[in-house]
Visitor: 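What follows is a single structure, and I will ask about it in a moment.
So that the names make sense, note that chain A is the first sequence line, chain B the second, and so on, each numbered from 1. Small disclaimer: the values here were computed from a predicted structure and weren't measured.
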Amino acid sequence: MLWTTTKRIIRSGFFNFSRNAFVSLSSVLVMVITLSVIGSLIFVSAILNASLSQIQNKVDINVYFVTTAQEVDVLAIQKTLQNLPEVAEVSYVSREASLEAFKKLHENDELILQSLDELDDNPLGAILNINAKDPSQYEGIATFLDNKQLLSADGTTIVSKVNYYQNKVAIDKLTKIINSAEKLGSVLTIILVILSVIITLNTIRLAIYVSREEIAIMRLVGASTFYIRGPFVVVGTIYGVVAGIFTLMIFYPVTYWLGGATSNFFVGINIFDYYTHNFGQIFLIIMASGIVIGAVSSYLAVRKYLSM
Amino acid sequence: MPEYRRKIGVVFQDFRLLSDKNVYENIAFSMEAAGRGDTEIESDVPHVLELVGLSKKIWNFPHELSGGEKQRVAIARAIVNQPDIIIADEPTGNLDPVNTYEIVQILKKINDLGTTVILTTHNKGVIDSLGRRVITMENGQVVRDDKEGRYII
């Protein structure tokens with residue numbers, strides 16, 4: 001009995017979908033727009049996140065050591081820093097390496113290279129580059145460096161300068177921008193999703209409004225609530241599935257077309273690669289939102305005409 | 001509530017057929033809603049259509065039928081679940097005299113087969129030709145109840 005009913009409901013759902021082809025088409029198209037909004041939000045947040053992490057990786061603190069500092073002492077400090085929970089990475093640049101880098105930077109500037117040659121010793125000290133896990137943690141690391149007496153074995157200070165306080169203003173500003181960009185992004189996301197869901201809800205409600213007479217007839221003939229509502233929910237689910245497939249198909253050429261532009265313009269994320277790599281996840285999100293929106297809005301829309 | 005509705009067959013002045021289903025499906029729908037089996041539906045639907053004399057139009061849609069034919073489909077739908085009672089609410093209100101006569105003959109046939117039929121109408125000829133029990137109502141009150149009544153204002 002239940003099986004026959006379920007079978008009939010699903011069959012008549014497919015039947016109604018194909019017989020009201022025009023209404024189905026318009027509902028599917030509206031839902032494609034909604035799903036595209038949801039999908040593009042996935043891409044926008046991916047681009048935003050990639051940009052943010054790129055920017056965050058570029059922020060660091062440099063500790064400059066005096067030229068007389070022993071390599072052993074510097075490496076010991078590197079080790080202590082690496083053990084801090086806030087620190088992501090500490091890279092050590094030796095005196096020789098920083099001299100090489102300096103020479104390379106000024107390889108066209110004869111004057112500087114000549115004056116370097118005049119000196120009998122390497123004028124540059126070793127450097128530690130510190131990357132924090134989060135930009136807001138640089139303050140803590142800087143304080144740590146300040147408080148700790150970074151002394152060599154013989155008791156003289158070996159740190160020539162820490163460039164955090166020079167960078168502090170820039171770092172603070174960047175942290176603020178990143179945080180507010182994330183906040184703005186999530187608020188916009190929610191507003192856009194709510195708007196498009198409301199539009200889809202309304203379209204499906206209109207499609208069912210056309211059937212209000214039929215719902216009344218089905219009631220009079222003695223159909224149960226479940227039996228009347230079932231086909232509409234099935235149709236809503238079909239809308240979701242078809243619209244989801246359409247949306248995923250549209251994304252393929254669109255992301256391919258935009259892929260080059262995003263990888264050049266933004267900080268190195270190709271949106272087409274992102275789409276193909278995360279296809280499973282995006283497929284699930286798009287399909288699930290389509291089916292949920294379709295089925296729930298149909299369920300709610302029929303309820304209005306069921307009472308008589 | 002739906003279970004009670006299945007025991008009452010209803011016929012309306014404006015037919016109330018499902019416009020996107022053909023004649024067969026319209027009648028089959030009320031059987032499906034009542035949870036009948038597929039083989040039962042396949043054998044019963046042509047049978048009731050034969051009873052109302054509409055076997056030729058079984059695959060037509062309601063908009064392809066005349067008023068009298070639509071009303072016969074509605075009657076077929078009302079009787080297919082073998083209800084205890086049929087309520088016909090001015091079933092001849094939209095029909096010409098010839099169709100009116102045919103519809104009344106069908107309802108009479110159903111009554112002869114043993115189902116109670118409640119027929120409401122303003123048509124004097126229909127009531128006078130039937131010669132059955134007549135209940136007259138005025139302002140929501142029963143004012144007359146005759147065993148073999150005639151149309152009286």
Visitor: Would you indicate whether the side-chain heavy atoms of A:S224 and B:R5 approach each other to under 4.5 Å?
Guide: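 No - every pair of side-chain heavy atoms lies 4.5 Å or more apart.
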
Visitor: Could you check if a side-chain atom of B:R77 sits within less than 4.5 angstrom of a side-chain atom of A:I217, using non-hydrogen atoms only?
Guide: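 B:R77 vs A:I217: side chains touch.
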
Visitor: Do other residues, nucleotides or ligands put more than 12 heavy atoms under 6.0 Å from B:F61 CZ?
Guide: yes

Visitor: Does B:S30 reach the side chain of A:M218, with side-chain heavy atoms less than 4.5 Å apart?
Guide: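 Heavy-atom side-chain distance check fails, nothing below 4.5 Å.
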
Visitor: B:K21 versus chain A, heavy atoms under 4.5 Å apart: side chain, backbone, both or neither?
Guide: both

Visitor: Does this structure show an ion pair linking A:R19 with B:E25, if we count only N-O contacts that are shorter than 4.0 Å?
Guide: yes

Visitor: Could you have a look at A:E214, A:E213, A:R8 and say which one has the most heavy-atom pairs with chain B under 4.5 angstrom?
Guide: A:R8

Visitor: Taking atom CD of B:E50 as the centre, does the number of heavy atoms from other residues, nucleotides or ligands within less than 6.0 Å exceed 12?
Guide: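 No - once you tally the heavy atoms of other residues, nucleotides and ligands closer than 6.0 Å, there are 12 at most.
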
Visitor: B:L17, B:D20, B:I8, B:N81: which one forms the most heavy-atom pairs within less than 4.5 Å of chain A?
Guide: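 Going by pairs under 4.5 Å, I would pick B:D20.
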
Visitor: Are there more than 12 heavy atoms of other residues, nucleotides or ligands under 6.0 Å from atom NE2 of B:H122?
Guide: no

Visitor: How about A:Y209: does its OH atom have over 12 heavy atoms from other parts shown lying under 6.0 Å from it?
Guide: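 Open.
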
Visitor: Would you give the length of the straight line joining atom CZ of B:R36 to atom OG1 of A:T4, rounded to the nearest 0.5 angstrom?
Guide: 13.0 Å

Visitor: Hey, what do you get for CG (A:L220) to CZ (B:F12), rounding to the nearest 0.5 Å?
Guide: 4.5 Å

Visitor: Mark yes when over 12 heavy atoms from residues, nucleotides or ligands other than B:Y101 sit less than 6.0 Å from its OH; otherwise mark no.
Guide: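 12 or below, so no.
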
Visitor: Heavy-atom count around B:Q141 CD within 6.0 Å, excluding the residue itself: above 12?
Guide: no

Visitor: Kindly check if the number of other-residue, nucleotide or ligand heavy atoms within 6.0 Å of CZ (A:R212) is above 12?
Guide: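 It does: A:R212 CZ has more than 12 such atoms within range.
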
